[in-house]
2 protein chains.
Amino acid sequence: MDNLGETIRKLREEKELPLRTVAAYLDIDQAILSKIERGQRNATREQVVKLAMYFNIKESDLLVSWLSDKLVYEIGDEQVALEALLVAEEKVKHQKSKSKK
Amino acid sequence: MDNLGETIRKLREEKELPLRTVAAYLDIDQAILSKIERGQRNATREQVVKLAMYFNIKESDLLVSWLSDKLVYEIGDEQVALEALLVAEEKVKHQKSKSKK
DNA sequence: AAATGTTTTGACTAATCATGTCAAAAATAT
DNA sequence: ATATTTTTGACATGATTAGTCAAAACATTT
């Protein structure tokens with residue numbers, strides 16, 4: 001239910017790691033990680049996967065945080081936000097039912 | 001509950017208008033409109049608003065189709081699609097409750 | 001079946017946005 | 001006060017998006 005940024009900041013602070021260290025693991029500048037943690041930048045999918053590895057948490061949980069963040073961002077301040085989300089659900093369910101691998 | 005593309009193609013064909021005519025109204029090449037109707041391109045918000053005007057239908061209905069299409073597109077083929085949509089709903093509801101204009 | 005009208009396709013271009021670096025400023029801890 | 005860490009913002013670069021254009025494919029008439 002949390003944002004990706006808040007989540008990983010908590011994890012990082014629990015372990016008392018500086019941005020520098022985690023950023024090095026992700027192979028990006030600490031500035032970006034700082035922005036990701038505060039919700040000013042979106043992480044890439046690869047970064048999310050790496051973060052789950054790094055902090056040893058369930059990848060899909062972190063992906064849900066990340067993807068839902070992106071969806072909220074895409075919605076912006078549209079009045080029809082909630083309705084669009086409901087319709088999107090229907091569409092996803094429907095396309096899932098007819099997906100061939 | 002429909003896709004934007006399908007919806008406006010139906011409307012256009014009911015009125016027996018060529019792509020050319022509607023595209024001219026939107027001030028884009030007919031090629032793009034063709035692609036929008038077949039879901040190969042996303043319309044811009046402005047185009048959606050103009051289309052609602054043009055076909056004289058409720059703007060918010062068309063915006064819901066358009067935005068939900070975009071959300072589905074953004075989700076791609078993520079496994080966590082449905083869960084992310086639910087979480088996004090929660091986040092939107094929450095941010096709405098604390099929104100100041 | 002030729003001619004005309006419509007739609008689709010794909011190569012290309014321009015503009016916008018995403019992702020990142022870097023260095024300095026601001027904040028925090030020693 | 002010095003060190004360390006975090007934040008900020010200007011900038012570079014690459015990817016994506018939105019568009020044009022012309023030709024090919026498809027439908028209709030005549």
Side-chain angles (χ1 to χ4, degrees), chain A residues 3-52 54-55 62-63 65-78 84, chain B residues 3-55 62-63 65-78 84 88:
Chain A
N3 295 332
L4 176 74
E6 292 171 16
T7 303
I8 64 177
R9 170 147 293 189
K10 254 180 232 158
L11 288 165
R12 184 175 63 79
E13 288 180 342
E14 271 170 23
K15 307 202 168 169
E16 299 191 348
L17 299 164
L19 286 169
R20 183 170 29 85
T21 307
V22 181
Y25 179 80
L26 297 178
D27 199 30
I28 54 173
D29 194 280
Q30 48 176 213
I32 296 180
L33 184 55
S34 169
K35 285 165 189 169
I36 289 172
E37 286 187 348
R38 282 167 306 116
Q40 294 190 196
R41 285 277 179 110
N42 254 92
T44 68
R45 195 183 193 287
E46 289 66 44
Q47 288 161 356
V48 175
V49 171
K50 279 191 181 176
L51 285 165
Y54 190 82
F55 289 118
L62 216 53
L63 283 172
S65 298
W66 165 75
L67 185 51
S68 59
D69 279 353
K70 287 211 305 172
L71 294 177
V72 170
Y73 178 81
E74 174 126 8
I75 285 166
D77 57 357
E78 287 288 347
Chain B
N3 295 332
L4 177 75
E6 292 171 15
T7 303
I8 64 177
R9 169 147 293 190
K10 255 180 228 156
L11 287 166
R12 183 175 63 79
E13 288 180 341
E14 271 170 22
K15 307 204 167 172
E16 300 191 346
L17 298 165
L19 287 169
R20 185 169 28 84
T21 307
V22 181
Y25 179 80
L26 296 178
D27 200 30
I28 53 173
D29 194 280
Q30 47 176 213
I32 296 179
L33 184 54
S34 169
K35 284 164 188 169
I36 289 172
E37 285 187 349
R38 283 166 307 114
Q40 293 189 198
R41 286 278 180 107
N42 251 93
T44 68
R45 196 184 192 284
E46 289 66 43
Q47 288 161 355
V48 175
V49 170
K50 278 191 182 179
L51 285 165
M53 290 270 298
Y54 190 81
F55 289 118
L62 216 53
L63 284 172
S65 298
W66 165 75
L67 185 52
S68 58
D69 280 353
K70 287 211 304 173
L71 294 176
V72 170
Y73 178 81
E74 174 124 8
I75 286 166
D77 57 356
E78 288 288 346

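Each chain gets a letter, A, B and so on, in the order its sequence line appears, and its residues count up from 1. Excluded from the calculations below are hydrogen atoms, water molecules and symmetry mates; all remaining heavy atoms, backbone and side chain alike, are included.
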Discussion item. Whole angstroms only, please: what is the CG-C1' distance between B/D29 and D/dA22?
Written reply: 10 Å
Worksheet item: Just to confirm, is there a sub-4.0 Å distance from OP1 or OP2 of C/dT8 to any side-chain nitrogen or oxygen of B/R38?
Response: yes
Practice prompt. Report the distance from atom CD1 of A/I8 to atom C1' of D/dT6, rounded to the nearest whole Å.
Written response: 14 Å
Worksheet entry | Nucleotide C/dT16, atom C1' - distance to CZ of B/R45 in whole Å | 18 Å
Worksheet item: So does A/R38 pair up with A/E6, basic N to acidic O under 4.0 Å?
Response: no
Item to complete: Round to a whole Å and report the spacing from CG of B/L19 to P of D/dC21.
Response: 17 Å
Discussion item. Taking CD in A/Q40 as the centre, count heavy atoms belonging to other residues, nucleotides or ligands within less than 6.0 Å. Is the count above 12?
Written reply: yes
Response to the item:
When both distances are under 3.5 Å in a Watson-Crick or G-U wobble arrangement, the nucleotide paired with D/dT2 is C/dA29
Discussion item. Would you say B/S34 places a side-chain N or O within less than 4.0 Å of OP1 or OP2 belonging to C/dT8?
Written reply: yes
Response to the item:
The ring pair (Phe, Tyr, Trp, His ring centres under 6.0 Å) partners of B/Y54 (sequence neighbours excluded) come to B/Y25
Discussion item. Among D/dG19, D/dT6, D/dG9, which nucleotide has an atom closest to any side-chain atom of B/R41?
Written reply: D/dG19
Discussion item. Any N or O donor-acceptor pair under 3.5 Å from the base of D/dG19 to the side chain of B/K35?
Written reply: no
Fill in: Closest non-hydrogen atom pair between B/L19 and B/R12, with its separation
N-NH1, 3.4 Å
Worksheet item: Given D/dT8, D/dT7, C/dT8, which nucleotide is nearest the side-chain atoms of A/Q30?
Response: D/dT7
Practice prompt. Could you check how far CD of A/E13 sits from P of C/dA29, rounded to whole Å?
Written response: 10 Å
Item to complete: Give the rounded distance in Å between these two atoms: CG of B/L33 and P of C/dT6.
Response: 14 Å
Worksheet item: Among D/dC21, C/dT6, D/dA18, which is the nearest nucleotide to the side chain of B/P18?
Response: C/dT6
Worksheet item: Between A/R20 (CZ) and D/dA3 (C1'), how many Å, whole number?
Response: 11 Å
Worksheet item: So what does A/I28 touch, heavy atoms closer than 4.0 Å: a base, only the sugar-phosphate, or nothing?
Response: sugar-phosphate
Practice prompt. Could you check which of C/dT19, C/dT7, D/dT6 has an atom nearest any side-chain atom of B/R12?
Written response: C/dT7
Item to complete: Find the distance A/E46:CD to D/dA15:P and express it as a whole number of Å.
Response: 13 Å
Discussion item. Using a 6.0 Å cut-off, check whether atom CD of A/E13 has over 12 heavy atoms from anything other than its own residue.
Written reply: yes
Worksheet item: Base, sugar-phosphate alone, or nothing: which one does B/Q40 contact when heavy atoms must sit under 4.0 Å apart?
Response: sugar-phosphate
Worksheet item: For C/dG20, does either OP1 or OP2 sit under 4.0 Å from a side-chain N or O belonging to A/Q47?
Response: yes
Discussion item. Could you check C/dA3 for me: syn (within 90° of 0) or anti?
Written reply: anti
